[in-house]
Amino acid sequence: MSTSKPTITFSRRDFMRTSSLASGGILIGFNLFTACKPEAKPPVDLASLNYNDFNAFIKIADNGAVTIFSPNPEIGQGVKTSMPMLIAEELDVAWDKVLVEQGVLDTNNYTRQVAGGSQSIRFGWEPLRQTGATARQMLVNAAASRWGVDPAECSTSEGVITNGAGETLGYGDVVKDAAGMEVPDKVKLKKKSEYKIIGKDTWNVDLDKIVTGQPLFGLDYKKEGMLIASVIRPPAFGQKLDSYDDSAAKQIEGVLDVVPFGDKIAVLAKDTWTAMKGKKALDVSWKNDSKLESTTDHDRILTGLLDGKEFQTLRADGDVKKAFAGADKVLERTYESPFLPHNCLEPMNFYADVRSDKIHLVGPIQTPERTAQEIAEKLGRNPDEIHLEMTRMGGGFGRRLYGDFALEAAEISHKAGKPVKVVFSREDDMAAGIYRPAIKYRIKAAVKDGKVTGYHLKEASVNSNMYGLIPNFFPAGAIENYQVDVAKHDSNITTGAWRAPYTNFLAFAEQSFFDELAEMMEVDKVQLRLDLLQKVKGTTDERIQYSPERMEEVIKTAVDKSGWGNQPDGVYQGFVNYYCHNSHVAEVANVEIEDGMPVVKKITCVVDCGIVVNPLGALNQIEGGVIDGVGHAMYGDFAFENGVPQSGNFDSYRLIRINEAPEVEVHLMENDFSPTGLGEPTLPPAGGAVANALKAATGKRLYKQPFIKYPELLTVPEKEIIG
Amino acid sequence: MPTYQIKVNGASRSVNVSEDTPLLWILRDHLDLVGAKYGCGIAQCGACTVHLDGQAVRSCVLTAAQVENKEITTIEGLSKDGSHPVQQAWKEVDVPQCGYCQAGQIMTAAAFLDKNPNPESQDIKSAMQGNLCRCASYSRIYKAVEKAASNMS
Ligand code: FES
Ligand code: FES
């Protein structure tokens with residue numbers, strides 16, 4: 001069984017280069033994405049490398065000032081703070097003296113990849129610390145040779161090197177010498193007890209700019225001569241452009257151009273409002289191209305898939321059929337979720353200036369490499385001509401993994417021969433989504449002699465199915481006869497990753513199911529989970545993703561911290577434990593009755609994500625993930641009628657608000673495991689914890705999201721109100 | 001296009017825009033003040049919040065004619081250097097995740113605390129409920145408003 005993987009092996013010489021700066025000081029460059037790849041391979045031809053091949057830098061000036069250029073997309077998950085912390089720790093400098101800047105991403109080099117999702121810190125943990133330690137060692141070596149002493153007798157602290165005799169040199173004093181030193185191939189990393197930065201509360205590096213409203217985001221980006229493009233797209237999935245009349249649009253003062261491209265039409269103006277107005281004035285007719293699907297179709301089709309026989313089996317242990325045939329009792333339940341838009345608060349937007357000799361792209365994107373490649377292909381250009389800069393992103397949640405909006409900007413700029421920024425209105429953003437697909441799960445369990453002997457999970461989804469690791473999450477390995485089957489319906493509605501893909505709903509389904517299973521078996525709900533985990537301990541099954549020991553710890557801690565089973569009258573609790581994104585989580589929801597309605601008051605959340613690099617940032621992620629999970633389970637709903645999305649803005653799409661947000665109490669497990677994901681794993685369990693607590697309060701079980709759609713299941717029995 | 005005289009952050013500015021242009025886009029596109037954000041355009045999210053004669057308003061649904069002769073304050077003008085007690089509290093608590101909604105949150109909180117320097121828990125929640133935070137940084141928004149209130153008193 002593997003709990004901390006993969007092992008990253010590489011040589012620092014393979015990905016680090018140093019050079020003296022004309023302005024004084026030294027620049028240490030490294031290719032973060034290469035270094036952070038689990039299968040990191042050194043570039044083949046080292047001699048041909050230049051600084052364009054590096055995307056992350058440490059700059060140490062002659063006066064000792066340290067700047068760390070963070071290359072990673074910042075979508076609000078805090079990596080622009082936490083990743084440089086790892087470098088600074090091993091470089092052994094004072095954090096408050098470090099300046100962090102967003103590195104420019106130049107997509108000349110296609111060996112990079114973005115460490116996405118909740119993986120940035122996990123993959124960066126080793127190489128980023130190695131990088132800092134290597135730079136530190138070079139500075140120490142330079143000082144030692146100046147003193148004529150053994151580097152081993154030197155120590156460092158906060159940017160100062162001290163030798164055995166107590167003499168000191170600042171990093172700035174030796175940077176010039178260090179630039180000429182060979183990159184050491186072996187360096188020692190600090191022990192956890194020696195950390196001065198890792199594990200300490202560290203404030204967001206962009207905090208000042210954010211609270212004073214300085215330009216940071218793609219939507220804030222401006223360039224001389226830039227036009228705003230407002231784009232009309234087919235209103236329904238399955239429709240194409242038929243014909244259009246732009247005479248009214250062109251009459252609007254300030255509308256400069258109307259540019260059709262593919263099945264879309266862009267209206268260009270100097271300012272956003274005029275462009276949006278121009279778009280509304282277009283008279284367009286659309287024609288049907290493929291089937292216009294509705295939510296009722298999806299409902300029927302997905303149910304049909306679950307009832308049918310066409311499945312792909314992702315994991316099969318033992319013989320579930322036999323287990324069901326020989327069972328004393330069987331429980332089977334179906335769970336249903338809608339499509340969901342991402343609704344990043346900053347709508348999609350991107351700047352493109354396509355010229356004959358070069359292409360300049362700027363904006364919020366999580367996948368600069370792939371996006372630049374797509375643009376090069378679309379326009380028949382050499383990728384070397386593309387220069388892409390990333391801005392801070394007003395949320396991602398998976399939406400900005402897709403570069404459709406950047407591609408639009410490039411196409412329009414190419415056709416119009418002008419620099420343009422595509423700006424989505426909120427309505428555009430919701431209608432041109434890459435949605436979380438609607439999914440249904442059917443779960444069936446067999447119980448014999450008081451034991452769970454069989455477990456069969458079926459998934460019916462739109463366009464794509466759960467990724468291959470998920471069938472190896474809990475309860476895989478815990479139940480002898482276990483099977484996961486998937487089936488999908490191909491739709492013209494675009495779907496993709498949405499914060500914690502698949503698990504964001506699967507956790508609700510499975511954990512509601514365990515709750516009900518425990519009720520049927522008449523055993524304690526938490527004990528059932530603990531009993532199942534016992535069987536996984538010591539397993540030799542390499543595929544199993546989670547650690548039963550770590551899971552057990554979070555469960556026990558959650559029981560303790562939440563006062564599980566030990567609540568005053570009128571407080572109803574729901575329990576969930578879950579593993580995803582390499583982290584183990586348990587959550588307990590507390591529901592109370594107010595004015596005859598059940599209200600989610602509090603979530604206790606216990607997280608084991610290994611060493612916590614930045615507790616202050618971690619808590620923000622955890623609290624946000626939990627509330628986001630509660631919010632979407634309660635309110636998130638998105639329907640289609642003949643291919644047309646039925647919600648267009650926040651008046652018809654409900655997001656959780658501050659008065660609906662429960663208190664979140666967080667407990668982080670303390671251990672020495674390498675850090676794992678935090679941006680996503682606390683979201684999936686939240687919906688299940690709430691559903692289980694609502695069941696305790698109302699006596700009614702929820703099988704479909706969003707819960708608010710089923711008000712009859714959210715009422716409290718008469719006696720509760722009176723009591 | 002008509003010309004309007006509007007007063008933003010203490011300075012009088014003259015803008016040439018069509019009469020239906022929302023204040024939000026005047027600020028962002030014509031005056032280079034991008035602190036107020038676009039989130040919905042229909043007064044549902046609060047990202048565009050500014051002060052109009054000290055009141056928190058949604059700049060996405062106000063036109064130039066409606067704000068002439070009134071004092072407009074944007075996040076850029078709330079303080080010279082981010083030293084307003086609400087901004088300070090936001091920093092102390094480390095509120096932002098993606099940060100996109102935060103200028104609007106701060107402007108709502110600042111106008112609210114100006115009138116209710118000693119708010120009850122429920123007052124804070126009802127004052128802030130018009131501002132969406134997609135990252136759900138609500139626990140910290142709440143904490144920061146509480147902190148700002150106590151720092152101000
Ligand atoms: S943009 Fe004005 S309230 Fe949303
Ligand atoms: S911090 Fe991202 S929307 Fe509020």
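Residue numbering restarts at 1 for every chain, and letters A, B, ... go by the order of the sequence lines. Nothing here was measured: the structure is a model prediction, and the numbers come from that model.
Both the backbone and the side chain of B:Thr21 come within less than 4.5 Å of a heavy atom in chain A. With a 4.5 angstrom heavy-atom cutoff, B:Val95 touches chain A only via backbone atoms. Residue contact with chain B, scored on non-hydrogen atoms closer than 4.5 Å, involves the backbone and the side chain of A:Leu619 alike. With a 4.5 angstrom heavy-atom cutoff, B:Gln105 does not touch chain A via any of its atoms. Neither the backbone nor the side chain of A:Met430 comes within less than 4.5 Å of any heavy atom of chain B. The part of B:His30 that comes within reach of chain A is its side chain, from C-beta onward, which places non-hydrogen atoms under 4.5 angstrom from that chain. Contacts between A:Thr274 and chain B at a heavy-atom distance below 4.5 Å are absent for every atom of the residue. Heavy atoms of B:Ile106 lying under 4.5 Å from chain A belong exclusively to its side chain. In this structure, the portion of A:Phe424 lying under 4.5 Å from any heavy atom of chain B is its backbone and not its side chain. For B:Lys143, the part sitting under 4.5 Å from any heavy atom of chain A is the side chain, from C-beta outward, and nothing else.
In this structure, the side chains of B:Ile42 and A:Phe650 stay at 4.5 Å or more apart for every pair of heavy atoms. Proximity of B:Arg28 to A:Asp220: side-chain heavy atoms (C-beta onward) are separated by under 4.5 Å at one or more points. For the pair B:Ser126/A:Asn659, no side-chain contact is recorded, criterion being any heavy-atom separation below 4.5 Å from C-beta on. A heavy-atom distance below 4.5 Å is found between the side chains of A:Leu219 and B:Tyr100. For the pair B:Tyr138 and A:Glu660, the minimum side-chain heavy-atom distance is 4.5 Å or more. Looking at heavy atoms from C-beta onward, B:Trp90 lies out of side-chain contact with A:Ile210 at the 4.5 angstrom threshold. Inter-residue side-chain proximity for A:Lys277 and B:Ser18 is flagged as met; some heavy-atom pair is nearer than 4.5 Å. Taking 4.5 Å as the limit, every side-chain heavy atom of A:Asp628 sits out of range of all side-chain heavy atoms of B:Cys135.
With chain B as partner, the option from A:Arg657, A:Glu346, A:Glu663, A:Arg426 having the largest number of non-hydrogen pairs under 4.5 angstrom is A:Arg657. Ranked by heavy-atom pairs under 4.5 Å with chain B, the list A:Val211, A:Ile658, A:Asp651, A:Leu345 is led by A:Ile658. Interface summary for chain A: among B:His84, B:Met1, B:Lys125, the most heavy-atom pairs under 4.5 angstrom belong to B:Met1.
Listed in order of number, the residues of residues 31-41 of chain B that approach chain A to under 4.5 Å between heavy atoms are B:Asp32, B:Val34, B:Gly35, B:Lys37, B:Tyr38, B:Gly39, B:Cys40.
Closest non-hydrogen pair, A:Gly395 versus B:Cys98, comes out as N-CB, 3.3 Å. Listed here is the closest heavy atom pair of A:Val664 and B:Ser139: CG2-OG, 4.4 Å. For the residue pair A:Asn204 and B:Pro96, the shortest heavy atom distance occurs at ND2-O, 3.8 Å. Between B:Asp94 and A:Asn620, the shortest heavy-atom contact is O-ND2, 3.3 Å.
For the pair B:Arg134 and A:Phe397, the cation-pi test (distance below 6.0 Å, angle within 45°) is passed.
Dense packing is recorded around CG of B:Asp20, with more than 12 heavy atoms of other residues, nucleotides or ligands lying under 6.0 Å away. Within 6.0 Å of CD in B:Gln5 there are more than 12 heavy atoms belonging to other residues, nucleotides or ligands. No more than 12 heavy atoms of other residues, nucleotides or ligands shown are found within 6.0 angstrom of NZ on B:Lys7.
Atom OG1 of B:Thr63 is separated from atom CH2 of A:Trp273 by 10.0 Å, given to the nearest 0.5 angstrom.
Results of the side chain to side chain contact (heavy atoms under 4.5 Å, CB included) test with A:Leu207 over B:Gln87, B:Lys91, B:Gln102 single out B:Lys91 as the only residue that passes.
A salt bridge does not link B:Asp29 to A:Lys270: none of the charged nitrogens lies less than 4.0 Å from a carboxylate oxygen.
With hydrogens and angles ignored, the 3.5 Å screen pairs a side-chain donor or acceptor of A:Trp203 with a backbone N or O of B:Glu92.
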